[in-house]
Amino acid sequence: MAIDPVCGMTVSGDSKYRLVHQGETYLFCSEHCQHKFRDRPQQYVQQGVAAPPASIAVTSYTCPMHPEVVQDHPGNCPKCGMALEPRNASAED
């Protein structure tokens, strides 16, 4: 078992979503997390699971895979376990 560096979910070693970065193989729970890592690997390699920047006033969080799941605080999706992301995230996120 591995931990997805983007959302923090536990990932099976046979996951088809994987990337090699600086000689280390990273496993992902979904194509969404794999693409986020591919686009900004240093954000996840240096910091671990990403947190929203303090400068953003976050009012609600949602699951990238289940957008109908919305809550007013960070946590995990009750349907799939992925980390919830801020709904008003900027294009940089």
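Note that the structure is a prediction, hence the values are computed from the model and not measured.
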Please lay out, stage by stage, how Phe28 and Val11 fare under the test side-chain contact (heavy atoms from CB on, under 4.5 Å).
CA-CA 6 Å; Phe28 304 92; Val11 181; 5.7 Å; no
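- Closest heavy-atom contact between Leu19 and Gln34: CD1-O, 3.7 Å.
- Atom CZ of Phe37 sits about 10.5 Å away from atom CG of Leu27, to the nearest 0.5 Å.
- In this structure, the side chain of Ser12 does not engage the main chain of Ser15 through any donor-acceptor pair within 3.5 Å.
- Counting only residues at least two apart or in different chains, side chain to side chain donor-acceptor pair (under 3.5 Å) contacts with residues 17-29 comprise His21-Gln42.
- Inter-residue side-chain proximity for Lys79 and Cys63 is flagged as unmet; no heavy-atom pair is nearer than 4.5 Å.
- Under a 4.0 Å N-O distance rule, the pair Lys16/Glu31 does not qualify as a salt bridge.
- Once rounded to the nearest 0.5 Å, the distance linking CE of Met65 with SG of Cys33 reads 8.5 Å.
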side-chain hydrogen bond (donor to acceptor under 3.5 Å, both in side chains) evaluation trace for Gln71 with His73:
CA-CA 6 Å; Gln71 62 186 43; His73 57 279; 3.3 Å; yes
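- When side chains are defined from C-beta on, Asp72 does not count as touching Ser60, because their heavy atoms never get closer than 4.5 Å.
- Put simply, the side chain of Val45 does not reach to within 4.5 Å of the side chain of Pro5, judged on heavy atoms.
- When atom types are taken as modelled, the side chain of Asp4 and the backbone of Cys29 share a donor-acceptor pair closer than 3.5 angstrom.
- Electrostatic pairing of Lys36 and Glu85 counts as a salt bridge here, judged by a charged N lying under 4.0 Å from a carboxylate O.
- Of all heavy-atom pairs between Asn76 and Leu84, the closest is C-CG, 4.0 Å.
- Separation of atoms CE (Met9) and OG (Ser30) is listed at 8.0 Å; rounding is to 0.5 Å.
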